[in-house]
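Comments concern the structure below.
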Amino acid sequence: MVHQPLVGQNALVTGANSGIGEGVARALGAAGANVVVNYVTAEDTAERIAKEIAAGGVETLALRADVSKEAEVAAMFREMCSRWGTIDILVNNAGLQRDAAFVDMTLDQWNLVLGVNLTGMFLCTREAVREMIRRGPRPVSRATGKVICMSSVHEVIPWAGHANYAASKGGVKLFMQSLAQELAPHRIRVNSIAPGAIQTPINRAAWDTPAALASLLTLIPYGRIGVPEDIGKAAVWLASDDSDYVHGQTLFVDGGMTLYPEFGRGG
Ligand code: NAD
């Protein structure tokens, strides 16, 4: 029998028309949730993914919003709640990199990465949490709501040449933990997933040649690059009552990347 722990729940995944977000949206849909596929560009891809998820017997919507724009985020949540009544699960996945040596990093590169990766998470979470508190508990879950933040191993691993990205993910860590502390009395569970290297367009240069992949694999004790399905499965668990006592945690899904692999060879 298929395990569908999210039946009757409404989920929104930001940046869900590519990579990890797409994998998470598909996994939540397969677990029985209705899913909003948020996108900012490539509407046709978002519509196709939404249609394919809906073929599994759930409802889906493809909604455009730039997560770093307050008015667009508010409009997206209004549209979702007017169609489906409320939101049960938010996955803050949208993110990007604009890499540069620190001395060459422009303010635009800094602001864009912080704006999407951190401010976007603030804006989307605030809308979702306001709605979860407004409507209170529902019989579909033990929790009043679930928020999952897509962090990164770079919430703990410093990353030269990527100061803006690492700062944004370090920010996600204490954003998530502070919210978890504040929202626990409402029974809104807040957790993060910290992926290691997952094969998506964001890091194509790190895996699309045999030499690049071989170099990447030296950082991954488990010996393979991750795929979006690895993160999708973790997201379903964190969104479901199977993890009802897990709160304020970062789940590292990284093939051991945070185990200081160089010490595995003697240090
Ligand atoms: P990706 O480039 O395939 O997907 C990123 C998604 O975010 C895209 O759909 C993009 O359109 C969307 N997006 C960007 N700016 C947006 C905005 N302003 N509003 C709405 N959506 C926006 O990359 P990915 O690897 O799937 O990354 C997803 C998340 O996972 C990111 O937060 C990233 O930092 C994180 N992550 C990825 C890896 C990895 O190895 N791939 C590792 C750790 C963390």
Side-chain angles (χ1 to χ4, degrees), residues 13-16 18-27 91-102 105 109 113-114 116-118 120-121 147-177 180 190-239 243 246-267:
V13 183
T14 64
S18 178
I20 289 174
E22 175 182 350
V24 168
R26 288 184 185 281
V91 182
N92 284 310
N93 166 78
L96 44 70
Q97 291 178 215
R98 289 295 181 273
D99 309 329
F102 181 66
M105 189 173 285
Q109 288 172 322
V113 170
L114 272 290
V116 174
N117 297 12
L118 197 52
M121 212 170 266
V147 176
I148 298 170
C149 299
M150 205 55 71
S151 184
S152 166
V153 289
H154 296 295
E155 77 166 45
V156 296
I157 301 178
W159 205 13
H162 309 255
N164 47 1
Y165 184 82
S168 75
K169 297 300 184 181
V172 168
K173 176 177 188 287
L174 275 169
F175 170 76
M176 179 280 288
Q177 290 176 332
V190 189
N191 292 287
S192 287
I193 296 173
I198 310 298
Q199 194 164 9
T200 75
I202 208 174
N203 55 5
R204 179 176 301 280
W207 52 259
D208 74 347
T209 66
L213 183 61
S215 161
L216 178 65
L217 288 176
T218 65
L219 301 175
I220 310 172
Y222 198 60
R224 72 166 171 88
I225 189 167
V227 290
E229 292 73 24
D230 292 315
I231 308 301
K233 288 172 190 163
V236 167
W237 182 71
L238 277 179
S243 63
V246 179
H247 182 59
Q249 300 303 311
T250 297
L251 176 56
F252 287 83
V253 183
D254 68 353
M257 191 177 249
T258 39
L259 293 173
Y260 298 95
E262 55 277 30
F263 284 84
R265 294 179 287 277

- Side-chain (S243) to main-chain (L238) donor-acceptor, under 3.5 angstrom: yes

- Query: Would you call the rings of Y260 and F263 parallel, tilted or perpendicular, where under 30° means parallel and over 60° means perpendicular?
  - Reply: perpendicular

- Item | Heavy-atom pair of closest approach, residues G248 and A180 | CA-CB, 3.5 Å

- Item | Closest approach of R224 to D230 (non-hydrogen atoms, all atoms of both residues) | NH1-OD2, 2.9 Å

- Heavy-atom donor-acceptor pair, N93 side chain to T14 backbone, under 3.5 Å: yes

- Calculate, to the nearest 0.5 Å, the distance between atoms CZ and CG belonging to F102 and N164 respectively. 9.5 Å

- Query: Rounded to the nearest 0.5 Å, how far apart are CG of L259 and OH of Y222?
  - Reply: 13.0 Å

- Query: What orientation do Y165 and H154 show, parallel under 30°, tilted 30 to 60°, or perpendicular over 60°?
  - Reply: perpendicular

- Item | Closest contact, heavy atoms only, A234 versus L251 | CB-CD2, 3.9 Å

- Task: Could you tell me whether a side-chain N or O of T200 sits under 3.5 Å from a main-chain N or O of I202, the two making a donor and an acceptor?
- Result: yes

- Looking at side-chain heavy atoms only, is the closest gap between V236 and K233 below 4.5 Å? no

- Please tell me if the side chains of N117 and V172 come closer than 4.5 Å, counting only heavy atoms from C-beta onward. no

- Message: Rounded to the nearest 0.5 Å, what separates atom CG in L114 from atom CZ in R98?
- Response: 13.0 Å

- Distance-only side-chain donor-acceptor flag, E155 / T250, under 3.5 Å: yes

- Task: For V113 and M105, run side chain to side chain contact (heavy atoms under 4.5 Å, CB included): C-alpha distance rounded to whole Å, both residues' side-chain angles, the deciding distance at 0.1 Å, then the answer.
- Result: CA-CA 11 Å; V113 170; M105 189 173 285; over 6 Å; no

- Note on the structure: Correct closest heavy-atom pair for I220 and A197 would be CD1-CB, 4.0 Å

- Tightest non-hydrogen contact, residues A16 and A25, listed as CB-CB, 4.1 Å

- Output the distance between atom NE2 (H162) and atom CD (Q109), rounded to the nearest 0.5 Å. 11.5 Å

- Note on the structure: Rounded to the nearest 0.5 angstrom, the OG-CD distance for S152 and Q97 is 8.0 Å

- Query: Considering only heavy atoms from C-beta outward, does the side chain of P228 approach that of I198 to under 4.5 Å?
  - Reply: yes

- Message: Tell me the closest heavy-atom pair linking W207 and A212, and the distance in Å.
- Response: N-CB, 4.2 Å

- Inter-residue atom distance Q177.CD - H247.NE2, 0.5 Å rounding: 10.5 Å

- Item | Beyond-backbone contact of P195 with V253, side-chain heavy atoms, under 4.5 angstrom | no

- Task: Examine distances only and state if a side-chain atom of S168 and a backbone atom of L118 form a donor-acceptor pair shorter than 3.5 Å.
- Result: no

- Query: Hey, is the main chain of G161 close enough, under 3.5 Å, to the side chain of D99 for a donor-acceptor pair?
  - Reply: no

- Under 3.5 Å, side chain of K169 to main-chain N/O of M150, donor-acceptor pair present? yes

